[in-house]
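These notes are about the structure you will find just below.
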There are 6 protein chains.
Amino acid sequence: MRPSGRAPDELRTLTIEPGFTKHAAGSCLISFGDTRVLVTASVEDRLPPWLRGQGKGWVTGEYGMLPGSTHTRGNREAARGKQSGRTQEIQRLIGRSLRAVVDLEKLGERQITVDCDVIQADGGTRTASISGAWVALRIAVDKLMAEGKIEEDPIETQVAAVSCGVYDGTPVLDLDYPEDSNAGSDGNFVLTGDGKIVEAQVSAEGDRFDQEGLLRLMRLADIGCKEIFAAQLKAVGK
Amino acid sequence: MRPSGRAPDELRTLTIEPGFTKHAAGSCLISFGDTRVLVTASVEDRLPPWLRGQGKGWVTGEYGMLPGSTHTRGNREAARGKQSGRTQEIQRLIGRSLRAVVDLEKLGERQITVDCDVIQADGGTRTASISGAWVALRIAVDKLMAEGKIEEDPIETQVAAVSCGVYDGTPVLDLDYPEDSNAGSDGNFVLTGDGKIVEAQVSAEGDRFDQEGLLRLMRLADIGCKEIFAAQLKAVGK
Amino acid sequence: MRPSGRAPDELRTLTIEPGFTKHAAGSCLISFGDTRVLVTASVEDRLPPWLRGQGKGWVTGEYGMLPGSTHTRGNREAARGKQSGRTQEIQRLIGRSLRAVVDLEKLGERQITVDCDVIQADGGTRTASISGAWVALRIAVDKLMAEGKIEEDPIETQVAAVSCGVYDGTPVLDLDYPEDSNAGSDGNFVLTGDGKIVEAQVSAEGDRFDQEGLLRLMRLADIGCKEIFAAQLKAVGK
Amino acid sequence: MRPSGRAPDELRTLTIEPGFTKHAAGSCLISFGDTRVLVTASVEDRLPPWLRGQGKGWVTGEYGMLPGSTHTRGNREAARGKQSGRTQEIQRLIGRSLRAVVDLEKLGERQITVDCDVIQADGGTRTASISGAWVALRIAVDKLMAEGKIEEDPIETQVAAVSCGVYDGTPVLDLDYPEDSNAGSDGNFVLTGDGKIVEAQVSAEGDRFDQEGLLRLMRLADIGCKEIFAAQLKAVGK
Amino acid sequence: MRPSGRAPDELRTLTIEPGFTKHAAGSCLISFGDTRVLVTASVEDRLPPWLRGQGKGWVTGEYGMLPGSTHTRGNREAARGKQSGRTQEIQRLIGRSLRAVVDLEKLGERQITVDCDVIQADGGTRTASISGAWVALRIAVDKLMAEGKIEEDPIETQVAAVSCGVYDGTPVLDLDYPEDSNAGSDGNFVLTGDGKIVEAQVSAEGDRFDQEGLLRLMRLADIGCKEIFAAQLKAVGK
Amino acid sequence: MRPSGRAPDELRTLTIEPGFTKHAAGSCLISFGDTRVLVTASVEDRLPPWLRGQGKGWVTGEYGMLPGSTHTRGNREAARGKQSGRTQEIQRLIGRSLRAVVDLEKLGERQITVDCDVIQADGGTRTASISGAWVALRIAVDKLMAEGKIEEDPIETQVAAVSCGVYDGTPVLDLDYPEDSNAGSDGNFVLTGDGKIVEAQVSAEGDRFDQEGLLRLMRLADIGCKEIFAAQLKAVGK
């Protein structure tokens with residue numbers, strides 16, 4: 001029995017509020033239950049030096065948690081003077097996930113930075129970030145296309161992410177914080193709208209697992225991402 | 001004529017949404033027009049070493065801007081590895097303003113950290129932060145009192161802040177971004193519910209000003225803060 | 001009664017020794033009683049990137065305290081690896097104050113950096129820094145004009161600063177360290193030779209104040225700056 | 001056809017030289033072809049503060065690349081002043097992998113830090129690090145047991161890691177640098193001597209993959225780790 | 001012929017102004033020609049953790065250059081966020097030189113930090129720092145003895161330092177900046193009042209030298225330090 | 001009697017293994033007894049900005065100690081976020097020593113960075129680094145000459161370094177760790193193949209020394225470096 005009473009393959013209530021802020025080219029506030037992430041996609045015409053003059057663009061992700069977002073207040077990374085290894089690992093995953101569904105040549109010589117800032121954390125902030133990042137990116141790219149700055153759509157398909165893990169012996173979908181901190185093993189899956197995998201990552205936190213366990217989590221991820229894909233499309237009005 | 005069409009002594013639309021997030025003891029989302037700041041007040045029973053054993057508590061403020069909050073995306077301070085001088089100056093002002101209306105002995109040996117994170121910036125983020133910080137602090141202290149952890153109310157009165165400046169020759173209240181970036185001189189005033197001043201600060205950005213100019217801005221600040229005090233009370237249900 | 005026996009509107013003994021060091025284009029050692037600040041103005045023909053090619057120059061200030069300058073030895077900021085928020089706030093104030101009396105176009109495409117290093121601290125280091133900074137700047141600009149590098153004098157008027165505060169219920173001018181650490185409210189005023197204000201900033205450290213209190217401090221500042229202006233002129237031989 | 005001429009399921013030449021340095025409690029130099037990593041395991045009786053007094057120990061990993069280890073000289077992280085996100089991600093993986101096979105209570109209140117320093121890099125440095133880390137840890141723990149400091153063996157089983165990926169359409173084992181930089185997708189698998197999984201992680205670098213692809217890589221990892229387990233045992237003389 | 005017209009074994013004009021600042025326990029302003037260093041010695045009753053409870057004290061040195069002290073303005077190390085290798089090397093040398101003449105047990109469980117801040121630089125700042133540091137230390141220790149905090153004098157003898165080098169083929173004493181930047185080889189010698197050596201260090205900047213060259217510089221150092229010793233004694237009134 | 005039983009003028013067993021790693025242009029593993037340093041020389045065609053366009057190259061050194069190289073594990077400098085003063089001092093010495101025997105104009109507009117990473121430390125790591133650095137540099141330059149990129153040999157002579165010190169009253173050569181930590185005074189000498197001195201540096205750690213003491217250490221250094229020169233030549237096959 002899950003603490004929340006959810007069925008093993010049941011996502012938390014998922015809402016996506018597009019256009020939550022107005023200065024960035026694209027934005028949304030995505031919520032998986034009590035996990036809420038504000039995502040903004042900003043477009044810059046300037047590329048990092050190592051990418052200039054190659055006729056293609058770049059998509060990158062940044063991630064942060066507001067100090068008051070967690071059950072116990074966390075330190076402000078800007079005050080500590082550096083980003084934790086966890087923050088950097090998540091940033092790299094967000095960027096990699098988005099680039100896996102973007103044709104960088106069609107994007108043209110510009111950079112889109114997708115900022116994912118966690119306003120309230122209750123487990124699954126990195127997967128919520130990726131799922132929301134696609135929405136903000138889609139809105140930003142639509143705007144660039146409407147302005148005639150991009151001709152062909154560089155976004156090849158959707159991308160979404162969800163966590164799965166073994167809680168109290170049972171494989172469950174979309175772990176919340178009480179589950180996450182007690183899972184024997186858990187993982188994050190980044191899947192695409194065309195049925196492919198961008199990232200599959202499962203770690204034993206306590207109990208080592210086997211191949212069958214990995215496949216069960218994968219099946220749950222598949223179920224969860226289908227629902228997220230539908231919510232993404234609805235949010236961008238398609 | 002102000003770009004927004006407002007009268008010289010007219011605040012932007014002010015809304016305060018209390019309890020915007022749920023992990024912190026107190027929180028609100030405060031908006032002055034397009035400037036939106038998420039404020040959370042977190043309570044810790046641990047004091048910084050230099051304050052322990054003195055029978056009193058501490059209230060401090062932290063401030064940040066989400067990278068996507070501005071018209072042009074800003075750098076993430078955590079990635080740059082340090083907070084700007086401006087950020088630190090604002091943090092000191094928030095803490096000083098709150099402490100001016102709190103009896104630290106009645107608060108008891110605990111620390112309340114008020115985090116002000118700008119979600120959308122359109123001028124006046126520091127004054128919105130202070131005005132919202134009082135609301136989050138009030139909610140957190142009410143909770144501590146309801147839980148019986150504090151006996152006597154340590155908050156002596158309200159505190160609010162507003163900016164004023166000379167735009168196109170006319171003293172105006174609550175500058176938005178287009179006004180702020182063109183003001184000849186501008187200032188921030190932190191006033192209290194009992195009609196006193198905590199901080200008065202006016203700088204010439206271009207045109208040096210005189211004592212009469214200072215007093216005119218002060219009068220506008222008085223008008224503005226009265227309105228903010230009313231909104232604060234309504235937000236905390238008093 | 002002030003600890004020093006001074007009258008409420010009496011400055012500490014003020015001396016300005018111009019040309020204290022010789023490598024910088026302009027320099028002085030300014031003393032307000034036991035507060036002593038070494039100021040140097042250095043000219044560089046290179047502007048920061050964001051200012052190049054606009055036909056105008058820049059004036060900026062830096063500030064530091066020697067570790068042995070205070071009653072109890074302070075940490076060396078270079079060893080701690082960062083400047084405090086207070087240091088940065090003061091630096092920004094010095095730069096802003098100087099630029100308020102300089103026509104940057106007449107200065108031409110060059111940068112003048114005014115370094116204010118506190119050799120001995122006894123309260124009022126930021127205001128002594130600003131008052132000395134004008135002298136070092138004046139000397140440096142005179143040199144540039146004598147060398148024919150600048151044609152028209154870019155310095156429009158004098159600028160000086162002084163602190164005022166309420167000590168033991170009485171408004172007093174030019175607080176020394178014993179007064180400063182016990183003042184109920186205090187402020188810094190930056191005034192110009194043409195009778196204008198560049199910065200007025202008053203904070204309640206303990207007792208909230210009112211508008212009448214602000215005006216009394218302002219009147220004291222006016223008295224003090226007049227004396228400083230005279231000393232500045234004498235120091236630069238005018 | 002692989003650039004090295006290896007069969008798809010063929011490891012590079014694997015050698016483990018135990019006791020390569022003598023100050024650390026355990027050490028080895030592990031080579032997968034041209035990838036060479038020096039691993040040392042150091043024992044400290046002091047635990048980090050958050051672990052003290054719980055009757056158990058800790059195992060952690062650190063990772064670095066010598067600047068001259070790569071085809072093009074890399075920057076020294078100590079000179080840059082921070083470790084990259086990649087370095088921190090690898091460090092976390094090494095620690096997690098080792099802890100998955102260690103009973104921390106049997107280890108007692110001590111910390112073992114396993115340093116993995118890459119002397120020569122040719123792909124697969126993180127998996128070589130983990131595989132060598134087990135050897136250094138085993139030697140250090142044997143020493144502690146021989147000295148009577150630990151009674152029961154805290155190491156439950158072996159742990160080893162290997163990379164796999166899809167190179168030119170074919171799933172291959174143990175990617176070297178030329179393969180790694182051209183792989184469509186690749187992953188790292190951390191497996192244990194009792195046939196379980198500690199970490200499975202596959203990323204699409206270019207081509208998104210599917211579940212069948214993931215399983216194929218998993219099968220290759222299984223083959224590779226069996227060979228590494230045998231080499232580990234031989235190195236520690238068991 | 002030296003640029004300054006000095007004889008090869010002639011020091012620059014040497015002045016030591018004791019008690020230049022008043023908050024530190026000991027201080028002086030030392031000048032070797034245009035090189036001027038402000039030195040303060042501060043006493044703390046607290047020792048660094050690794051020295052506590054051993055019945056002895058510690059003497060350490062810190063060093064800095066004011067940005068405006070050099071011919072071309074230097075960067076502020078506090079703003080750059082770290083001290084250069086040169087700064088740290090000099091700091092270590094100052095501390096080592098002072099400790100070589102202090103009986104740390106007689107000093108008792110306290111730390112004396114000697115800050116050497118270069119106000120004007122014209123070559124030889126590190127040797128001027130050491131020579132002045134002894135004076136500030138002597139004054140501070142005399143004060144501790146007068147206060148009855150130290151019974152037996154912990155300072156065993158004097159210590160002074162001077163640079164020598166080969167300029168235009170001739171060994172010369174006390175290099176100024178024009179000589180220093182053109183010397184084929186140069187060195188720094190730290191000698192003590194009892195005719196011993198604490199540090200001898202000679203480097204070839206361009207021309208490699210031989211043993212005879214080393215001895216010639218050593219003889220010059222001997223001449224120079226004798227003069228400095230006399231000036232030190234005069235400064236401390238002995 | 002030395003702890004190791006060596007004669008006063010006896011080096012530890014010295015071995016140089018050239019070509020220890022293969023990506024860098026030159027490399028060796030140099031051992032003085034239990035002190036082992038891995039040295040790599042990397043060639044870059046890009047010069048630092050301040051050296052460009054002057055028709056000459058640059059040689060620089062970097063130094064590090066692996067955390068597990070010492071008797072007690074040291075902190076990783078990359079994790080601490082900065083290099084110690086000792087590390088930077090050694091780096092400067094390595095670079096200066098190499099440049100003293102290289103004609104930078106004949107080297108052409110390229111930079112050679114020699115990395116010295118201590119794998120096992122038992123005293124004398126800086127002198128082993130310099131002695132090994134020449135070997136790696138020689139191999140790298142030979143390669144550049146063989147490739148026709150350099151016409152005339154820029155290396156004028158050999159350079160080697162050795163430590164000497166007074167242990168238990170006797171001047172001894174090549175101090176190992178037990179001697180080094182108990183020496184009354186010790187020094188490092190950098191000598192060249194043509195009988196000259198690049199750097200002579202002797203410090204009193206406890207006992208101040210005199211000129212005769214300095215000369216005795218110098219004679220020992222002379223004996224030691226002759227042996228190292230022979231080993232260097234053998235290592236590079238000349």
Side-chain angles (χ1 to χ4, degrees), chain A residues 19-29 31 33-46 60-84 87-88 91 111-122 133 136 140 177, chain B residues 19-29 31 33-46 60-84 87-88 91 111-122 133 136 140 177:
Chain A
F20 190 76
T21 67
K22 60 181 246 186
H23 295 326
S27 75
C28 73
L29 179 68
S31 307
D34 280 340
T35 289
R36 300 170 74 188
V37 184
L38 173 56
V39 187
T40 54
S42 305
V43 181
E44 285 166 294
D45 286 330
R46 232 166 51 120
T60 188
E62 298 208 358
Y63 172 92
M65 293 181 81
L66 295 195
S69 65
T70 45
H71 291 79
T72 308
R73 183 178 180 273
N75 287 322
R76 195 171 282 270
E77 290 195 322
R80 285 197 308 127
K82 62 175 178 178
Q83 296 179 303
S84 71
T87 292
Q88 292 180 71
Q91 293 189 149
Q111 170 164 299
I112 301 185
T113 303
V114 182
D115 286 287
C116 302
D117 285 276
V118 178
I119 278 178
Q120 193 169 275
D122 190 48
Y177 181 75
Chain B
F20 190 76
T21 68
K22 61 180 246 187
H23 295 326
S27 75
C28 73
L29 180 67
S31 306
D34 280 341
T35 288
R36 301 171 73 190
V37 183
L38 174 56
V39 187
T40 56
S42 305
V43 181
E44 285 166 294
D45 286 329
R46 234 165 52 118
T60 188
E62 297 208 358
Y63 172 91
M65 294 182 81
L66 294 195
S69 65
T70 44
H71 292 79
T72 306
R73 181 178 180 273
N75 285 324
R76 194 171 282 269
E77 290 194 324
R80 284 199 307 126
K82 63 175 179 179
Q83 296 179 302
S84 71
T87 292
Q88 292 180 72
Q91 293 188 149
Q111 170 162 301
I112 301 186
T113 304
V114 183
D115 286 286
C116 303
D117 285 277
V118 178
I119 278 178
Q120 196 169 273
D122 190 48
Y177 181 77

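Lettering follows sequence order; numbering is per chain, from 1. All values below were derived from every heavy atom in this structure, side-chain atoms included, with hydrogens, water molecules and symmetry-related copies excluded.
- A distance-only check finds a donor-acceptor pair linking the side chain of A:Gln120 to the backbone of A:Asp34 [under 3.5 Å].
- Of the two parts of B:Tyr177, neither the backbone nor the side chain holds a non-hydrogen atom closer than 4.5 Å to a non-hydrogen atom of chain A.
- Only the side chain of B:Leu38 has a heavy atom closer than 4.5 Å to any heavy atom of chain A.
- Heavy-atom pairs under 4.5 Å with chain B peak, among A:Val43, A:Thr113, A:Val39, at A:Thr113.
- Here A:Arg76 pairs with B:Glu62, B:Asp115, B:Asp117 under the salt bridge (charged side-chain N to carboxylate O under 4.0 Å, His left out) rule; sequence neighbours left out.
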Distance-only check: which donor-acceptor pairs under 3.5 Å involve side-chain atoms of residues 64-72 of chain A, not counting sequence neighbours?
unit_1, atom_1, unit_2, atom_2, d
A:Ser69, OG, A:Leu66, O, 2.6
A:Thr70, OG1, A:Thr72, O, 2.6

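- The candidate from B:Ser27, B:Ala121, B:Ala41, B:Ala25 with the greatest count of non-hydrogen atom pairs under 4.5 Å with chain A is B:Ala121.
- Listed options B:Arg36, B:Lys82, B:Glu44 were ranked by heavy-atom pairs under 4.5 angstrom with chain A; first place goes to B:Arg36.
- Formation of a donor-acceptor pair under 3.5 Å by the A:Gln83 side chain with backbone atoms of A:Glu77 is not found in this model.
- In this structure, the side chain of B:Ser42 does not engage the main chain of B:Ala24 through any donor-acceptor pair within 3.5 Å.
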